[in-house]
Undergrad: 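Here's a structure for you.
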Amino acid sequence: MDLQLRDKVVLITGGGKGIGAAIARATANEGGIPVAVDKDVKAGNQFRDELKSGRENMRPGLDGFI
C-alpha cells in the first residue's frame with residue numbers, strides 16, 4: 001500500500017507501544033521518517049532498540065526516541 005509517506009516526517013504520540021508503535025512501523029516501512037514520543041520512557045527505549053535491531057525497515061540515522 002502506498003501511503004505517500006516517502007521522505008516525510010511523521011510525529012507520533014504514544015509511539016512506544018500499541019497503535020502508536022504500529023503507526024511508527026508502517027511509516028518506516030513506507031519510507032517515511034517516524035518521530036515518536038511517549039511518556040513511558042522504558043517502552044520507548046525498548047521500541048527504539050527493536051527498530052534499530054534490524055527487525056524493521058528503518059531509515060539509516062534513526063537513533064533516538066523522544
Side-chain angles (χ1 to χ4, degrees):
M1 171 175 18
D2 183 7
L3 300 174
Q4 300 179 350
L5 295 175
R6 182 158 248 359
D7 299 324
K8 294 186 179 170
V9 176
V10 178
L11 176 62
I12 303 143
T13 58
K17 57 188 171 198
I19 294 170
I23 292 169
R25 283 187 190 99
T27 298
N29 289 333
E30 291 291 322
I33 305 164
V35 176
V37 295
D38 200 310
K39 65 181 184 177
D40 184 345
V41 175
K42 184 177 178 182
N45 288 335
Q46 288 174 339
F47 183 62
R48 179 202 59 217
D49 294 343
E50 175 187 328
L51 293 177
K52 286 177 63 176
S53 74
R55 290 186 222 158
E56 302 294 330
N57 181 23
M58 296 299 292
R59 296 172 61 93
L62 178 68
D63 62 359
F65 194 93
I66 300 171

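Numbers here are sequence positions counted from 1.
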Undergrad: At their closest point, which heavy atom of K17 faces which heavy atom of A43, and how far apart are they?
TA: CD-CB, 4.3 Å

Undergrad: Which residues pass the side-chain contact (heavy atoms from CB on, under 4.5 Å) test with A21, sequence neighbours left out?
TA: R25, F47

Undergrad: Which pair of heavy atoms, one from T27 and one from P34, lies closest together, and at what distance?
TA: CG2-N, 3.9 Å

Undergrad: Identify, with sequence neighbours excluded, every residue that meets salt bridge (charged side-chain N to carboxylate O under 4.0 Å, His left out) alongside K8.
TA: none

Undergrad: Measuring from atom CG of D38 to atom CZ of R48, what distance do you get when rounded to the nearest 0.5 angstrom?
TA: 12.5 Å

